[in-house]
Amino acid sequence: MNTDKKRTARIRKILRTLYPEVKTQLDYETPFQLLVATILSAQCTDKQVNRVTAKLFKKLATPNDFSKAPLETLETLIHSTGFYRNKARNIKNCAGMLMEKHAGEVPADLEKLVKLPGVGRKTANVVLGAAFNIPGIVVDTHVSRISQRLNLTDNKDPVKIEFDLMEQIPKKQWDVFSLHLIYFGREFCKARKPACPDCLMNKLCTYTGKRS
DNA sequence: CTCCCGATAT
DNA sequence: ATATCAGGAG
């Protein structure tokens with residue numbers, strides 16, 4: 001594995017040049033709404049999630065609202081994000097657990113967040129970073145793919161990738177770096193058809209699957 | 001490891 | 001027709 005922090009710093013500099021300003025693309029008003037939006041974002045585009053939550057949050061906004069809503073109603077409202085049965089059940093149970101054990105508030109704590117139904121480390125780190133300004137590496141499909149292509153990790157397990165990246169990047173930059181890889185992954189280092197000829201990372205990248 | 005699953009790009 | 005999208009649970 002590449003543990004060269006200087007090489008990683010070069011990569012980070014290029015990403016900062018490409019994307020001076022980054023933030024989550026999910027729309028939300030409260031930490032709880034961000035939590036719901038992030039659960040919905042599994043295997044779904046942010047664009048589609050925002051389309052759904054725009055209507056959803058007008059009908060249901062708080063943990064109390066979601067915990068009391070009929071499961072079938074919730075399933076219908078989120079249907080177009082895919083995995084709608086799992087997501088609806090998880091969100092409803094998650095809201096119920098927040099009401100019972102956390103006074104209706106989203107805990108600003110990784111260990112507590114991942115105990116909520118439907119919330120893994122990826123979702124927890126998104127919420128911690130964006131809503132509470134607590135640093136965390138967010139390993140989603142883009143971060144996983146690009147970390148491997150750029151040789152920032154030898155691992156495929158998301159948790160191992162998360163810890164590999166934490167070693168190479170200043171803690172204050174964990175969330176920005178995650179967002180940088182996501183922006184970069186959407187525009188250049190795409191899963192299916194990476195834009196290698198147009199990529200500023202070309203001289204630092206040894207990805208052998210290069211094709212235009 | 002498999003399953004969950006609709007919308008979109010290729 | 002098939003791969004992929006800010007994954008998580010059993």
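Only this structure's heavy atoms are used, side chains among them; waters, hydrogens and symmetry mates stay out. Here is the naming used below: chain letters follow the sequence lines, and residue numbers restart at 1 for every chain.
- The stretch residues 114-140 of chain A has no heavy atom under 4.0 angstrom from DNA chain B at all.
- Using cut-offs of 30° and 60° on the angle between ring planes, the pair A:Phe57 and A:Phe66 is perpendicular.
- Rounded to an integer number of Å, the gap from CZ of A:Arg145 to C1' of C:dA6 is 11 Å.
- A distance-only check finds a donor-acceptor pair linking the side chain of A:Asp140 to the backbone of A:His142 [under 3.5 Å].
- Using a 4.5 Å heavy-atom threshold, the side chains of A:Leu60 and A:Val36 count as separate.
- A:Tyr183 is not listed as a side-chain neighbour of A:Leu18, based on a closest heavy-atom distance of 4.5 Å or more.
- The shortest distance between side-chain heavy atoms of A:Phe32 and A:Thr62 does not fall below 4.5 Å.
- Contact annotation for A:Leu179: base contact, defined as any heavy-atom pair under 4.0 Å involving a base atom.
- Spacing between atom CD1 of A:Ile182 and atom P of C:dT4 amounts to 17 Å, rounded to whole angstrom units.
- Formation of a donor-acceptor pair under 3.5 Å by the A:Ser67 side chain with backbone atoms of A:Asn64 is found in this model.
- In this structure, A:Arg89 reaches neither bases nor backbone, as no heavy-atom distance under 4.0 Å exists between it and the strands shown.
- At a cut-off of 3.5 angstrom, the base of C:dT4 holds no donor-acceptor pair with the side chain of A:Arg186.
- Residues A:Thr38 and A:Thr24 are not in side-chain contact: their nearest non-hydrogen atoms beyond the backbone lie 4.5 Å or more apart.
- Note on A:Gln43: a base of the nucleic acid sits closer than 4.0 angstrom, heavy atoms only.
- Rounded to whole Å, the distance from CZ on A:Arg85 to P on C:dG10 is 16 Å.
- The separation of C:dA3 from B:dT2, taken at their P atoms, amounts to 15 Å, rounded to a whole angstrom.
- Proximity of A:Thr141 to the phosphate of C:dC5: a side-chain N or O atom is located under 4.0 Å from OP1 or OP2.
- Using a 4.5 Å heavy-atom cutoff, the side chains of A:Phe177 and A:Leu152 are in contact.
- Look at CG on A:Asn93: it is 16 Å from P on C:dG8, rounded to the nearest Å.
- On the C1' atoms, B:dC1 is 24 Å away from C:dA6, given to the nearest whole Å.
- We find that CD1 of A:Ile161 is positioned 13 Å from C1' of C:dG7, with the value rounded to whole Å.
- Nucleic acid contact class of A:Tyr84 (heavy atoms, under 4.0 Å, all strands): sugar-phosphate only.
- Here the range on DNA chain B touched by chain A, meaning any atom under 4.0 Å from one of its heavy atoms, is B:dC4 to B:dT10.
- To the nearest whole angstrom, the two P atoms, one in B:dA7 and one in C:dG8, are 22 Å apart.
- Residue pairs meeting the side chain to side chain donor-acceptor pair (under 3.5 Å) criterion with at least one partner in residues 109-125 of chain A, sequence neighbours excluded, are A:Ser41-A:Lys122, A:Arg121-A:Glu162, A:Asn125-A:Glu162.
- Within the nucleic acid shown, A:Ser80 comes within 4.0 Å of sugar-phosphate atoms alone, with no base atom in reach, counting heavy atoms only.
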